[in-house]
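In what follows, a structure is listed as structure tokens, so that the remarks can point back to it.
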Amino acid sequence: MSNNLDQTLANAILTAVTGGTALSITAPVKLRLMATNGSATSNGTEITAGGGYTAGGLTTAGAWGTASGGSITNSAAAVTFTNMPAATVVGVELWDSSGTPKRIAWGTITSRTTASGDQLAFATSSLSLTLN
């Protein structure tokens, strides 16, 4: 998901760092699994909820390490989805938890197909976000 910021968020960051409106992200941040990928300006299509997967994704609090060199990874923990529905996952997106959730970032992954009840895990340090 490296440096694939949602364009709305990128604009908000630029506005905030130049003295405009403060940036607002509502924790916790959640990782959503995508059946189709989006782009900088459009959301992907989230996989269908079922089994242990809930629409809106999984909270990733505690998974992220400390940002360094303009990057951050899930170096503190793996991110694991248990009891998956049957699905083909081609991407991931980070979203905040506001009343109207805001997309933060998106990224393509190597396609993974799960059968009903499978586990889908992203190993420690396999997810990254870069701002440079």
Check whether any side-chain heavy atom of [X] sits under 4.5 Å from a side-chain heavy atom of [Y], and report yes or no.
{"X": "Ser111", "Y": "Val89", "value": "no"}
{"X": "Thr108", "Y": "Val90", "value": "no"}
{"X": "Ser116", "Y": "Met84", "value": "no"}
{"X": "Thr114", "Y": "Thr88", "value": "no"}

How close do [X] and [Y] get, heavy atom to heavy atom, and via which atoms?
{"X": "Ser98", "Y": "Asp96", "answer": "OG-OD1, 3.0 Å"}
{"X": "Thr15", "Y": "Thr21", "answer": "CG2-N, 3.6 Å"}
{"X": "Ser75", "Y": "Gly65", "answer": "OG-CA, 3.3 Å"}
{"X": "Thr73", "Y": "Ser128", "answer": "CG2-CB, 3.7 Å"}
{"X": "Val79", "Y": "Ala63", "answer": "CG2-CB, 3.9 Å"}
{"X": "Thr48", "Y": "Pro85", "answer": "O-CG, 3.5 Å"}

Quiz item: Could you walk me through whether Arg112 and Phe122 pass the side chain to side chain contact (heavy atoms under 4.5 Å, CB included) check?
Solution: CA-CA 11 Å; Arg112 298 185 188 183; Phe122 295 94; 3.9 Å; yes

Is [X] linked to [Y] within one hydrophobic cluster, defined over Ile, Leu, Val, Met, Phe, Trp and Tyr using a side-chain heavy-atom separation of less than 4.5 Å?
{"X": "Trp64", "Y": "Leu23", "result": "yes"}
{"X": "Leu14", "Y": "Leu9", "result": "no"}
{"X": "Leu94", "Y": "Leu127", "result": "yes"}
{"X": "Leu5", "Y": "Val29", "result": "yes"}
{"X": "Leu58", "Y": "Trp95", "result": "no"}

Whether [X] side chain and [Y] backbone form a donor-acceptor pair below 3.5 Å:
{"X": "Asp6", "Y": "Ala105", "result": "no"}
{"X": "Asn11", "Y": "Thr8", "result": "no"}
{"X": "Asn4", "Y": "Gly107", "result": "no"}
{"X": "Arg103", "Y": "Ser42", "result": "yes"}
{"X": "Lys102", "Y": "Ser24", "result": "yes"}
{"X": "Ser39", "Y": "Thr41", "result": "yes"}

Quiz item: Between Leu120 and Leu33, is a side chain to side chain contact (heavy atoms under 4.5 Å, CB included) present by the stated rule, with each step listed?
Solution: CA-CA 10 Å; Leu120 178 63; Leu33 303 177; 3.7 Å; yes

Self-check item: Between Thr45 and Thr36, a side-chain donor and acceptor under 3.5 Å
Solution: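 Indeed, the side chains of Thr45 and Thr36 share at least one donor-acceptor pair under 3.5 Å.
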
Exercise. Using only heavy-atom distances, determine whether the side chains of Thr130 and Ser71 contain a donor-acceptor pair under 3.5 Å.
Key: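 Thr130 vs Ser71: donor-acceptor pair found between side chains.
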
Quiz item: Atom CG of Asn74 and atom CG of Leu129: how far apart are they, to the nearest 0.5 Å?
Solution: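 Asn74 CG to Leu129 CG: 11.0 Å, rounded to 0.5 Å.
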
Quiz prompt | Ion pair Glu93/Arg32, N-O distance below 4.0 Å | solution =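 Not counted as a salt bridge, because no side-chain N and carboxylate O are separated by less than 4.0 Å.
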
Quiz prompt | Plane angle bin for Phe81 and Tyr53 - parallel if under 30°, tilted between 30 and 60°, otherwise perpendicular | solution =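 Taking Phe81 first and then Tyr53, their aromatic rings sit tilted (interplane angle of 30° to 60°).
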
